[in-house]
Amino acid sequence: MIDLDFLKKCAVFKTLGDTQLEAIHKECCREKWFEPKGEKIFAERQEISCLHLVMEGRVDLRFDLPGVETSPKNNLSSAEKHDAFGWSGLIPPHKSKLSAYCASDLCKIALVDRECLNGLFQKDPELGRRVMTNVAMIVGGRFKSLQELIAVNKGYDIMFSW
């Protein structure tokens, strides 16, 4: 069962008040288990309808090359407890940018339904502004990490290249 304390610790909801969190918790959340290690949670370019939050385990986010067997070598990042992934489910065209795989023996994921969340955003625009600002911060952080990974792979020391 998803508890309110778990949601409070998720960066995507960190700026919400208790009433806002309770509404999301009560109306929009459900949990799903993925196992075994390596199970695909969703595929790149797949339409997704939920924001995903890691409750237990680790999720690898990969760029899967067409016609090539998937591999952890294609990991771009990982999500662990309290991390959000699948943010594309909130933003049109609602198609995932990466594939997500269970990277531990068991992954317990909280799914936050897009339609339900949008309904709450309509009722409380400040809730929507805060959640989407947090989503933008998460996406920005992932983009920065990807830039750093590319720079390191190309042999640049980004700490001293400015």
Any donor and acceptor pair, going by atom type alone, linking the side chain of [X] with main-chain N or O of [Y] inside 3.5 Å?
X    : Y    : result
S104 : R58  : yes
H25  : I2   : yes
R114 : G89  : yes
N134 : R130 : yes
S78  : D60  : no
Q46  : F42  : no
Q20  : G17  : yes

Side chain to side chain contact (heavy atoms under 4.5 Å, CB included) between L4 and E22, worked out: CA-CA 7 Å; L4 202 51; E22 286 170 13; 3.5 Å; yes

How many angstroms lie between [atom1] in [X] and [atom2] in [Y], if you round to the nearest 0.5 Å?
X    : Y    : atom1 : atom2 : answer
S49  : E115 : OG    : CD    : 8.0 Å
K14  : L7   : NZ    : CG    : 15.5 Å
K123 : N118 : NZ    : CG    : 12.0 Å
C10  : H82  : SG    : NE2   : 5.5 Å
K108 : F6   : NZ    : CZ    : 9.0 Å
L127 : Q122 : CG    : CD    : 11.5 Å

Within a strict 4.5 Å, meaning less than it, do heavy atoms of the [X] and [Y] side chains meet?
X    : Y    : result
T133 : T15  : no
L61  : N75  : no
I24  : C29  : yes
E31  : I109 : no
C50  : L90  : no

Steps toward side-chain hydrogen bond (donor to acceptor under 3.5 Å, both in side chains) verdict (R45, S96): CA-CA 5 Å; R45 293 184 297 279; S96 62; over 6 Å; no

If you compare all heavy atoms of [X] against all heavy atoms of [Y], which two are closest, and at what distance to 0.1 Å?
X    : Y    : answer
I48  : G86  : CD1-O, 3.5 Å
F85  : A100 : CE1-CB, 3.8 Å
L21  : K8   : CD1-CG, 3.3 Å
M55  : M1   : CE-O, 3.9 Å
D105 : E35  : O-CB, 3.5 Å
C107 : C102 : SG-SG, 2.5 Å

If hydrophobic clusters are built by linking Ile, Leu, Val, Met, Phe, Trp and Tyr wherever their side-chain heavy atoms come under 4.5 Å apart, do [X] and [Y] end up in the same one?
X    : Y    : result
V139 : L76  : no
W87  : L120 : yes
L51  : I91  : yes
V54  : L111 : yes
W33  : L53  : no

Ring pair (Phe, Tyr, Trp, His ring centres under 6.0 Å): pairs with one or both residues in residues 96-115, sequence neighbours excluded: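 Pairs touching residues 96-115 that pass the test: none.
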
R30/D113 under salt bridge (Lys or Arg N to Asp or Glu O under 4.0 Å): CA gap, chis, key distance, verdict: CA-CA 8 Å; R30 64 184 169 90; D113 182 77; over 6 Å; no

Pair listing, disulfide bond (SG atoms under 2.5 Å apart) test, anchored in residues 109-142, at least two apart: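 Those involving residues 109-142 are C28-C116.
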
Check against salt bridge (Lys or Arg N to Asp or Glu O under 4.0 Å), D83 and K81: CA-CA 6 Å; D83 288 341; K81 190 169 186 175; over 6 Å; no

Step-by-step side chain to side chain contact (heavy atoms under 4.5 Å, CB included) determination, F121 to M132: CA-CA 10 Å; F121 292 173; M132 295 313 289; 4.1 Å; yes

